[in-house]
Protein chains: 2
Amino acid sequence: MSYTYKYPRPAVAVDCVIFGYDHRLEEPDLQILLIERKLAPFKGKWALPGGFVQMNETLDAAAARELKEEAGIEKVYIEQLYTFGEIDRDPRGRVLSVSYVALVNLEKHRPSAGTDAEAAEWFSLNKLPPLAFDHKTIVKTAIERLRGKVRYQPIGFELLPDEFTFTELQNMYETILQRTFDKRNFRKKMDSYGLLIDTGGMRRGKPNRAAKLYRFDGKRYKTLEKRGFLFEL
Amino acid sequence: MSYTYKYPRPAVAVDCVIFGYDHRLEEPDLQILLIERKLAPFKGKWALPGGFVQMNETLDAAAARELKEEAGIEKVYIEQLYTFGEIDRDPRGRVLSVSYVALVNLEKHRPSAGTDAEAAEWFSLNKLPPLAFDHKTIVKTAIERLRGKVRYQPIGFELLPDEFTFTELQNMYETILQRTFDKRNFRKKMDSYGLLIDTGGMRRGKPNRAAKLYRFDGKRYKTLEKRGFLFEL
DNA sequence: ACAAAAGTGTTATGATTACACCCATGG
DNA sequence: CCATGGGTGTAATCATAACACTTTTGT
């Protein structure tokens, strides 16, 4: 079977930059999920999960599908990033890449084996292997988007478990933004937004004082947002 | 001549939301350049300038080409906005739209006749006609991007002539952001960035005190930006 | 001389920063 | 009982917001 058109058309792929964060690490870092390519081109190289857009699915749906098929990840935060269209970005011919960014908490996505049985692995951002295609550029763009957006939209919470401590929250921001915050000032500001619900639970198990667990109040945020409230770190 | 592929491919178009601003108007407003479609579908309706991506041009190049061909506009600020991929957004079949935002000063682009001899007209944002395809959605997204970005990147200057007065600058921001600023505070802040060069010229001709003309110092901005400086309105 | 917009400082308020000690827990 | 991270307040500084009058120009 084949498809014929009057004018040439580029192929269109979606590629996903999946950021993972593990709040339990001593020295936490941002990680990215990569899959090892089993086919040419770039056979054996690491690449972003992705694939071609089907005719009966939207771009968002294609991204969600690839996320599930290749990375075994579902129902997470995902947003469109940018569309890359350099002429020679794919040696097979003209292929556009509509890229997406997803944010997940690593605790929930440890196994990281794709259903397609491709090797999928988390890599620290500081230790990325060489990547196929122009995926290095895509990753760079994704990091810039994350760094820029995390400061004025409460998307960072997507990287944490549902319940988290103040310190875990602060570490997450410090990791992404590559800077430190004063503990008291950080808590004061977060507190002032009234977006953290005290769950009553405690993070225990370490030889120090137990820490209170909080949950992000997404409903309240949406309400406030409509009234012109701006989350800002 | 025709082109055959093993798998079906969507067609890919670029569409441009061209914002124009006229600093000389009594009650300035943001405008958008639209072209009247001469062919089906949506024949006779107004639409964003755009067209299909050629195989030998990047997306940015395609956007620049359409800008020139359909709107007669060249060498202006342009950036990619978003890629729209709803399945039924084009009645002809599956067509993705990689959309772009361009910013121009109306003074320089008055004639607004496209070289393709299509009717091209500026419309006030508040008085847009019904638009073809999903172009209303694209315009809405573009406005959100402009409103969000203008506050922390000095892109607003692209809407003004090279030389402008403080009042013109303030009016431009007030128009885009739909709010007012205190004159003294606005000048104080702008002044503090040191990004405006006094050209020595004056805006004369009105029966009131002449206003000093300034120029945006793009070079200095780039230098400061690298050192971590953040423009913020 | 008048109408219209240009230009200019000061004070009050709120937000941000800097900074250090006691508390609770598990081993 | 000790090591470790949790939790808390205050003062100084800086940025923002509010506010009104004099100057210059063209007609």
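Keep in mind it's a predicted model, so treat the numbers as computed, not measured. Note: hydrogens, waters and symmetry copies are ignored here, and every other heavy atom, side chains too, is used. Order of the sequence lines fixes the chain letters, A, B, ..., with proteins taken first and strands second; residue numbering starts at 1 for each chain.
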I need the [atom1]-[atom2] distance between [X] and [N], as an integer number of Å.
| X | N | atom1 | atom2 | value |
| --- | --- | --- | --- | --- |
| B:Asn171 | C:dA6 | CG | C1' | 13 Å |
| B:Phe164 | C:dA6 | CZ | P | 14 Å |
| A:Gln170 | D:dG5 | CD | P | 14 Å |
| B:Leu213 | C:dA5 | CG | C1' | 14 Å |
| A:Phe186 | D:dG6 | CZ | P | 12 Å |
| B:Lys212 | D:dT25 | NZ | P | 12 Å |
| B:Arg187 | C:dT10 | CZ | C1' | 18 Å |
| A:Arg203 | D:dG6 | CZ | P | 11 Å |

Set of residues satisfying side-chain contact (heavy atoms from CB on, under 4.5 Å) with respect to [X], sequence neighbours excluded:
| X | result |
| --- | --- |
| B:Ala62 | B:Val14, B:Val53, B:Glu57, B:Arg65 |
| B:Asn208 | B:Lys206 |
| B:Ala142 | B:Val17, B:Phe19, B:Leu81, B:Val101 |
| B:Lys45 | B:Phe42, B:Pro130, B:Ala132 |

Please list every donor-acceptor pair under 3.5 Å in which a side-chain atom of residues 150-161 of chain A meets a protein atom from a residue at least two apart or in another chain.
residue  : atom : partner  : partner atom : Å
A:Gln153 : NE2  : A:Tyr221 : OH           : 3.4

Would you list the atom pairs, donor with acceptor, under 3.5 Å between side chains in residues 173-180 of chain B and any protein atom, with sequence neighbours excluded?
residue  : atom : partner  : partner atom : Å
B:Glu174 : OE2  : B:Gln170 : NE2          : 3.1
B:Glu174 : OE2  : B:Phe181 : N            : 2.7
B:Thr175 : OG1  : B:Asn171 : O            : 2.7

In DNA chain C, stems of three or more consecutive pairs, Watson-Crick or G-U, each with both distances under 3.5 Å, turn out to be C:1-27 with D:1-27
What string of B, S and - do you get for nucleotides 18-27 of chain C 5' to 3' if you count protein non-hydrogen atoms under 4.0 Å?
BBB--BBBS-
Contact class for B:Thr167 vs. all strands (heavy atom < 4.0 Å): base, sugar-phosphate, or nothing?
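Sugar-phosphate, backbone atoms only, no base.
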Less than 4.0 Å between a side-chain N and a carboxylate O, is that true for A:Asp182 and A:Lys188?
no
Not counting sequence neighbours, which residues clear side chain to side chain donor-acceptor pair (under 3.5 Å) with B:Asp60? List them please.
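Applying side chain to side chain donor-acceptor pair (under 3.5 Å) to B:Asp60 gives B:Tyr100.
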With sequence neighbours left out, what residues match A:Asp191 under side chain to side chain donor-acceptor pair (under 3.5 Å)?
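Expected list: none.
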List the atom pairs, donor and acceptor, that lie under 3.5 Å between side-chain atoms in residues 193-204 of chain B and the rest of the protein, sequence neighbours left out.
residue  : atom : partner  : partner atom : Å
B:Tyr193 : OH   : B:Glu232 : N            : 3.4
B:Tyr193 : OH   : B:Glu232 : O            : 2.5
B:Asp198 : OD1  : B:Gly200 : N            : 2.8
B:Asp198 : OD2  : B:Lys212 : NZ           : 3.4
B:Thr199 : OG1  : B:Gly201 : N            : 3.1
B:Thr199 : OG1  : B:Leu213 : O            : 2.9
B:Arg203 : NE   : B:Glu168 : OE2          : 2.9
B:Arg203 : NH2  : B:Glu163 : O            : 3.4
B:Arg203 : NH2  : B:Glu168 : OE1          : 2.9
B:Arg203 : NH2  : B:Glu168 : OE2          : 3.2

Quick check: does any side chain N or O of A:Glu66 sit under 3.5 Å from a backbone N or O of A:Pro49, one acting as donor and the other as acceptor?
no
Using heavy atoms and a sub-4.0 Å distance, could you list which residues of residues 224-233 of chain A are near DNA chain D? By number, please.
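Nothing qualifies; none.
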